[in-house]
Amino acid sequence: MLPRSAYIDSPDVVARRLLGKLLVRSTESATLIARIVETEAYLGTDDPAAHAFAGRTARTEVLFGAPGHAYVYTIYGIYACLNVSCEPEGHAGCVLIRALEPIAGLPEMTANRGLAAGARPAALTAGPGRLCRALDITRAEFNGIDLTDASSTLQARDDGFAVRDRDLAITGRIGVNKASERPLRFALMGHPCVSKGKFHKL
DNA sequence: GGAGCGATGTCCT
DNA sequence: GGACATCGCTCCG
């Protein structure tokens, strides 16, 4: 289990730290496991691209709370996106989970995505909307849950997977209109589940 | 393979 | 009323 202390740092630090860690989603019938391979940092009230930029509202309340909690929101009316709150309580930084590598429970993820059996694993969880569908993460059920709680049906764990510095890639944010030039998107270089783009070596 | 576009909930002005 | 941290389908090459 990743302890709460792992989330207390600034979003860019936590975004790098989360690469290579596991997301564990427990359902009634299966345990779905996937490794985090792409993240994006949002810097809170100082970041024009962040939801928290507009201030503390009912919607962004989770972001201002204790670190290590899930912030799930709906985008374009259809898709859910999963973030993890970081920084000390009262500060609104967060990290968006952009892509995962499926490790266990691939049949369930494939079914959740509505894909045919045998679909490419890289297609299951590459993209923030896709990975929420694959892991059955909804705003109604998961917004505000504690990822460090052993009883949570969504947890973050460290299985000892080592990420070398030379495997880290960094680039500007995508899908964002404001402050997109900031180098706040992190990924494992060359990983098949990471969308292609102009990543630089860190 | 890549560009264009529609679907559609929730929040804020 | 408009914007939005997306995706998958279409059409065109």
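Keep in mind the model is a prediction, meaning the values are calculated, not measured. The sequence lines fix the lettering, A, B, ..., with proteins before strands; numbering per chain opens at 1.
Across all strands shown, A/C94 has heavy atoms under 4.0 Å from base atoms, whether or not it also approaches the sugar-phosphate. Heavy atoms of A/G77 sit under 4.0 angstrom from at least one base atom.
B/dG6 is paired with C/dC7 under the Watson-Crick or G-U wobble criterion, all donor-acceptor distances under 3.5 Å.
Between A/L82 atom CG and C/dT6 atom P there is a gap of 14 Å when expressed in whole angstrom units. Rounded to whole Å, the distance from OH on A/Y71 to P on B/dC11 is 9 Å. Rounded to an integer number of Å, the gap from A/I75 CD1 to C/dT6 P is 6 Å. Straight-line distance from the CG atom of A/N143 to the C1' atom of B/dT10: 12 Å, rounded to whole Å. Rounded to whole Å, the distance from CD1 on A/I78 to P on C/dG8 is 10 Å. Rounded to an integer number of Å, the gap from NE2 of A/H51 to C1' of C/dA5 is 6 Å. The nearest whole Å value for the distance from the CD atom in A/E38 to the P atom in C/dT6 is 11 Å. At whole-Å resolution of the value, OH in A/Y79 and C1' in B/dG9 are 13 Å apart.
Looking only at distances, no side-chain donor or acceptor of A/D47 sits under 3.5 Å from a matching main-chain atom of A/Y42. Under the 3.5 Å distance criterion, the side-chain polar atoms of A/T138 are matched with a main-chain donor or acceptor of A/E141. Here the side chain of A/R113 pairs a donor or acceptor atom with the backbone of A/A123 at under 3.5 angstrom.
Other residues, nucleotides and ligands contribute at most 12 non-hydrogen atoms within 6.0 Å of the CZ atom of A/R120.
For B/dC11, the OP1/OP2 oxygens have a side-chain nitrogen or oxygen of A/R139 closer than 4.0 Å. For the pair A/T57 and B/dC12, the criterion of a side-chain N or O lying under 4.0 Å from OP1 or OP2 is met. A sub-4.0 Å separation between OP1 or OP2 of C/dG8 and a side-chain N or O of A/R130 is present. Taking 4.0 angstrom as the limit, A/R113 places a side-chain polar atom (N or O) nearer than this to OP1 or OP2 of C/dG8.
Candidate nucleotides C/dA5, C/dC7, B/dT10 were compared by shortest atom distance to the side chain of A/Y42, and C/dA5 ranks first. Closest to the A/T74 side chain, of the nucleotides B/dA7, B/dT10, C/dA5, is B/dT10. Distances from the side chain of A/R59 to the nucleotides C/dC4, B/dC11, C/dA5 place B/dC11 closest.
Ion pairing between A/R182 and A/D12 fails under the 4.0 Å rule for side-chain N and carboxylate O.
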